Amino acid sequence: MTRLAIFVSGNGSNMENIVHYIRDKYSHSIEVSCIISDNKEAYAFVRAASLSIPCVHLRKEELVSPSVLLPLLSQYKVDRIILAGYLRLISSFLIDAYPNKILNIHPALLPKYGGRGMYGMHVHKAVCEAGEKETGITIHEIDAEYDKGKIIFQATTTVSSLDTPDTIAEKVHSLEYQYFPRVIVQWIQGKL
Ligand code: GRF
């Protein structure tokens, strides 16, 4: 059984989508054993409760403390970590403990529109203002810098002059929901 921790900071719609996909098709070999959030107000807590998955809020000083985070992940027998709308930088001790075992999704075509401050609507506004003809999602393993690391998968969608940051966000979210769960499973299976 491969056990996942999903790190979230906000809404948690990707987290919920991933859980449903895994429970529907891969419950015999993969489970989400815990959700971790840096934001105690995150709606992801509501979603985790309805999914009966333990959801732990950690303060920022706890998230950067190996003596807090690593035992917690061991308690839940976590093999791999998924960042789904998680906004904090991952500490190097966590990358060392989970080498090539941490996967992130970014709502743009990295390396463009990545890095510090580039998250959520900030990304879609920048894409819109730049007059880009396409955008998309990037799923990548993480290293110590924001939004760097080996790109595992990208999917694109067109952007027209009629698009707004909100309509771009909608297009990108549908790519996330369509591909992220499948890419996670293939990554676990060593197919990507
Ligand atoms: C998604 O757009 C994802 O690409 C980005 O943060 C957002 C998370 O949304 N990393 P949600 O919390 O999963 O609804």
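Only a predicted model underlies this, so the values are computations on that prediction, with no experimental measurement involved. Just so you know, ligand 1 is whichever comes first in the structure, and atom 1 is the first atom listed for that ligand.
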Novice: Closest non-hydrogen protein atom to atom 12 (O) of ligand 1, residue and atom name please, with distance?
Specialist: Gly12 N, 2.8 Å

Novice: Would you mind checking which non-hydrogen protein atom is closest to atom 1 (C) of ligand 1, with the distance to 0.1 Å?
Specialist: Glu176 OE2, 3.3 Å

Novice: Going by atom types only, do Tyr26 and Thr2 share a side-chain donor-acceptor pair under 3.5 Å?
Specialist: no

Novice: Check each atom of ligand 1 against the heavy atoms of Asn11 and keep those under 4.0 Å away; list them by number with element.
Specialist: 12 (O), 14 (O)

Novice: Look at the rings of His173 and Tyr177 and say which category their plane angle falls in: under 30° parallel, 30 to 60° tilted, over 60° perpendicular.
Specialist: parallel

Novice: Just which atoms of ligand 1 are under 4.0 Å from any heavy atom in Ser13?
Specialist: 11 (P), 12 (O), 13 (O), 14 (O)

Novice: Checking a contact table here: which protein heavy atom is nearest atom 9 (O) of ligand 1, and how many Å away?
Specialist: Asn14 ND2, 3.8 Å

Novice: Just to confirm my output: which protein heavy-atom neighbour is closest to atom 10 (N) of ligand 1, and how far is it?
Specialist: Ile105 O, 3.2 Å

Novice: For atom 7 (C) of ligand 1, grab the closest protein heavy atom and report residue, atom and distance to one decimal in Å.
Specialist: Gly85 CA, 4.1 Å

Novice: Ignoring hydrogens and geometry, is there a side-chain-to-backbone donor-acceptor pair from Ser9 to Leu87 under 3.5 Å?
Specialist: yes

Novice: Against ligand 1, does Glu16 come closer than 4.0 Å with any heavy atom?
Specialist: no

Novice: Are Ile142 and Leu94 linked, directly or through other ILVMFWY residues, by side chains that come within less than 4.5 angstrom of each other?
Specialist: yes

Novice: I'd like to know if the side chain of Gln154 reaches the main chain of Leu110, judged simply by a donor and an acceptor atom lying under 3.5 Å from each other, with no hydrogens or angles considered.
Specialist: yes

Novice: Students often mix this up, so state it plainly: with edges at 30° and 60°, are the rings of Phe153 and Tyr179 parallel, tilted or perpendicular?
Specialist: tilted

